[in-house]
2 protein chains.
Amino acid sequence: MATRRRRTTIAEVAARAGVSPATVSRVMNGRFVGEDTVAERVRAAAEELDYSPSPLARGLALGTTRTVAFVVPDLANPAFQDILSALSKSAARSGYRVLVADSVESPSDELAIATEIRRRCDAIVLCAPRMPESELVGAIEDLKPLVLINRPGTSADAPMLSIDYLTGIHHLAEHLYALGHRRMAYVAGPSTSASDRYRRRGLASFTAEHPDVELVTVTGGVGIDDGQAAAARVRSAGVTAALAFNDLVAIGLVHGLDELGVAVPDDVSVTGFDDIPFARYNSPSITTASVPHEELGVQAWDRMAALVAGKEPGHSVQFQPRLELRGSTAPPR
Amino acid sequence: MATRRRRTTIAEVAARAGVSPATVSRVMNGRFVGEDTVAERVRAAAEELDYSPSPLARGLALGTTRTVAFVVPDLANPAFQDILSALSKSAARSGYRVLVADSVESPSDELAIATEIRRRCDAIVLCAPRMPESELVGAIEDLKPLVLINRPGTSADAPMLSIDYLTGIHHLAEHLYALGHRRMAYVAGPSTSASDRYRRRGLASFTAEHPDVELVTVTGGVGIDDGQAAAARVRSAGVTAALAFNDLVAIGLVHGLDELGVAVPDDVSVTGFDDIPFARYNSPSITTASVPHEELGVQAWDRMAALVAGKEPGHSVQFQPRLELRGSTAPPR
DNA sequence: ACCTTTCGAGAAAGCGGTTTCTCGTGGCAC
DNA sequence: GTGCCACGAGAAACCGCTTTCTCGAAAGGT
């Protein structure tokens, strides 16, 4: 096969321009103060040899890679994709690139993956809902600078962006209650995940306020398949409404119920969470709690940029989901 | 803020173990052949100091970063997200990470972005449908090893994975024809994109076979918004069927037509392309040409792995889309 | 005309590893 | 007892770039 092409180095440019590598470096970085003719010669040589500095060598010397890591549970989830897309675009404007990784194959490796990938770059945006609090706190110093996503209540000292899942699902439940539903099911997410925990708490406070509500929890998951598989469980639970862990589960659930001959929303109302772009186009459209994922990505970069610049990052913020009432919910028969 | 923590270096481990850095390096990489007690001492020292080699320094010395780039027109497009997700998972199994970038903000910079990001890693998976052929061929040597996506017909010497858009859209058109449609619209993609060109060719060969078909082309785009905006144009074109550039456009179009009081598929049939996960859950579900995106990501990694190992990559392949007949198409009124 | 600054640019020391080269030691054969 | 070889591990060069340190020369002051 083709012999791997060797890139031209700073030494070659220096030789060609008849100067030292130090001078080439200075010219390339705009720190040159000497005669214009010299700078011009260097630029010409660089141009002719099609030279551009090795980011690797530069990174080693400078101690900075202009790269940030983005670690999430599952890259296949549209919610994370939206964050990634916004994060990448924002970072690119500052000349930074994003290195990605997901931990879907082995949730227990979240920490190992994070620390490994972190060493390859300057900072990390970490979404690790299943990492135990103790692990996170223990590793925090090695991960800095970092921005956390969705770890409300953590004692880790880092800027954090989160979604108020508790309030969000509470509102969804209230909506169902107002429609007249009294028997509901929660189609749960991974029991080890923090975001699932907050949804359960939100529902707990809801049921505390409404003793006349009967709420059952059924096994769900995080994807469309999981939602579809949960359809049978929801039906046999004998409820008139189901709150799904997220939109994917809701979409799968609606589809699964349809296959079982259960009409949504006529027989059972269904809610999602996230408001992924397709929730509104589903048949029926999904009533959900809307989360500003792009905004999350943008803000993550803002925090990140401040951190790598050694400045004070903005405050941690908790986004309030907005209720999106659509076609998948209606009064019970 | 917190003083940036300095990582322990190989020299410190060496000092602690009472050996030279060379020995530590050998032990860490399993190339050590000396006495076991020495190796044990090194391992202990590394453990105590919580040492792990700097990937950056390692990369410089070894000339390899164990990172590959993935460049696409738009990370927000679910089709690319599916490829990325599969690519990242496959690469991770071999200890590689993926660096991402999109060129959505400035399509003309595709080449600049690709060459810049390429220098940060060992190889690149490039999906650059709008890059002029001459530019691509000119830069090919600098980009190698690379795997191309969707550049059928290019003379660039690199493994390529592509979708047979030409045949795919031809089949979709035939499907509409069989249903009885004779006046159709093509809701186009970006005119500079190669994949749009192939769709046009496919349609050209279709109309050549069916002189009784009238086909008009209307401006479209790549996203849901573009599809929605195209609804008015489709309606005023007076057609009974519309072939959208992709599923996103189709979803937007269906939605837009609905808002205009045009029923799909009763008044107008609509087809998409890609079969993104949500096409089947749309209301109505979208008739489309199914593209195996995850497979594309997996195969991209296979080629990549072969290339970086200096082996012969597998052959270039062209995936044939599979027709998915769903609810958005029906005989004309 | 002499001494002190200032200035331009090269030499060299990192950055943190890997690897080739080298050398001292101990074991074995004769 | 001497010579040779194998072996274990350190010294040093290198990967490609940045930056401090250094120094010679030119400029400026008296």
Side-chain angles (χ1 to χ4, degrees), chain A residues 4-46 49-67 95 116 118-122 142, chain B residues 4-46 49-67 95 116 118-122 142:
Chain A
R4 196 62 43 83
R5 209 178 138 102
R6 224 183 48 75
R7 297 286 318 201
T8 70
T9 74
I10 198 172
E12 294 166 340
V13 176
R16 171 141 200 169
V19 301
S20 75
T23 298
V24 176
S25 171
R26 287 190 268 251
V27 172
M28 299 297 292
N29 295 293
R31 294 197 208 312
F32 184 77
V33 289
E35 292 186 20
D36 284 353
T37 67
V38 174
E40 211 29 71
R41 240 187 312 146
V42 169
R43 266 188 280 273
L49 297 178
D50 191 25
Y51 170 75
S52 80
S54 152
L56 215 58
R58 209 143 182 285
L60 183 58
L62 255 27
T64 175
T65 60
R66 296 187 84 74
T67 301
E116 188 276 333
R118 169 63 185 82
R119 296 226 49 203
R120 298 176 182 232
C121 42
D122 300 343
D142 284 340
Chain B
R4 195 62 42 84
R5 212 177 136 100
R6 226 183 47 74
R7 298 284 317 198
T8 70
T9 74
I10 197 172
E12 294 167 339
V13 176
R16 171 141 201 171
V19 300
S20 75
T23 299
V24 176
S25 171
R26 287 191 269 252
V27 171
M28 297 299 291
N29 295 291
R31 294 197 209 313
F32 184 77
V33 288
E35 292 186 21
D36 285 350
T37 67
V38 175
E40 212 30 70
R41 238 187 314 144
V42 169
R43 267 187 280 272
L49 297 178
D50 191 26
Y51 170 75
S52 80
S54 151
L56 215 58
R58 211 144 181 284
L60 183 58
L62 254 27
T64 174
T65 61
R66 297 186 84 75
T67 300
E116 188 276 333
R118 170 62 185 83
R119 298 225 48 205
R120 299 177 182 231
C121 43
D122 300 343
D142 283 340

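Keep in mind the model is a prediction, meaning the values are calculated, not measured. Chain letters run A, B, ... following the sequence lines, proteins first and then strands; every chain starts at 1.
- Atom pair B:Leu56:CG and D:dC17:P shows a separation of 13 Å (rounding to whole Å applied).
- We find that CG of B:Leu60 is positioned 10 Å from C1' of C:dT18, with the value rounded to whole Å.
- B:Arg120 places its CZ atom 18 Å from the P atom of D:dG16, with the value rounded to the nearest Å.
- Remark: side-chain polar atoms of A:Arg58 are not paired, donor with acceptor, to backbone N or O of A:Ala61 under 3.5 angstrom.
- Across the interface with DNA chain D, nearest-nucleotide mapping of B:Glu35 and A:Ser54 shows B:Glu35 to be the residue nearer the 5′ end.
- Separating the CD atom of B:Glu12 from the C1' atom of C:dG16 is a distance of 11 Å, rounded to the nearest angstrom.
- Side-chain N/O atoms of B:Arg58 include one lying less than 4.0 angstrom from OP1 or OP2 on C:dT18.
- Between A:Ser20 and C:dG10, a side-chain N or O to OP1/OP2 separation shorter than 4.0 Å is present.
- Taking only side-chain nitrogens and oxygens, B:Thr23 comes nearer than 4.0 Å to OP1 or OP2 of D:dG10.
- Both A:Ala22 and B:Ile10 lie close to DNA chain C; mapped to their nearest nucleotides by heavy-atom distance, the more 5′-ward contact belongs to A:Ala22.
- Between A:Arg119 atom CZ and C:dG17 atom C1' the separation is 11 Å, expressed in whole Å.
- Of the candidate nucleotides C:dA11, C:dA9, C:dG16, C:dA9 has the atom nearest to the side chain of A:Val38.
- Here D:dG16 is the nucleotide among D:dG16, C:dA11, C:dG17 with the atom lying nearest to any side-chain atom of A:Ala57.
- Of the N and O atoms on the side chains of B:Thr67 and A:Arg120, at least one donor lies less than 3.5 Å from an acceptor on the other residue.
- Counting non-hydrogen atoms under 4.0 angstrom, B:Ser25 reaches a base of the nucleic acid.
- Taking both residues in full, the closest heavy atoms of B:Ala14 and B:Val24 are given as CA-CG2, 3.6 Å, listed atom of the first, atom of the second, then distance.
- Phosphate contact (OP1/OP2 of C:dT18, side-chain N/O of B:Arg31, threshold under 4.0 Å): absent.
- Considering every non-hydrogen atom in both A:Gly95 and A:Arg66, the closest pair reads O-NE, 3.7 Å.
- Backbone-only engagement by A:Val33 is indicated by non-hydrogen atom pairs under 4.0 Å involving sugar-phosphate atoms exclusively.
- Protein atom CG of B:Asp36 is 10 Å distant from nucleotide atom P of D:dA9, rounded to whole Å.
- Here D:dG16 presents its C1' atom at 13 Å from CE of A:Met28, a figure rounded to the nearest Å.
- The listed nucleotides are D:dG8, C:dG10, C:dG16; the one nearest the side chain of A:Val19 is C:dG10.
- The two residues B:Tyr51 and B:Thr9 make their nearest non-hydrogen contact at CE1-C, 3.6 Å.
- In the set D:dC17, C:dG17, D:dG16, the nucleotide with an atom closest to the side chain of B:Pro53 is C:dG17.
- With hydrogens and angles ignored, a donor-acceptor pair under 3.5 angstrom links the side chain of A:Arg26 to the base of D:dT20.
- Judged purely by distance below 3.5 Å, without hydrogens or angles, the side chains of A:Arg119 and B:Ser52 pair a donor atom with an acceptor atom.
- Counting only heavy atoms from C-beta on, B:Asn29 has its side chain closest to C:dT18 among C:dG17, C:dT18, D:dT18.
- Whole-Å rounding puts the A:Leu62 CG to D:dC17 P distance at 12 Å.
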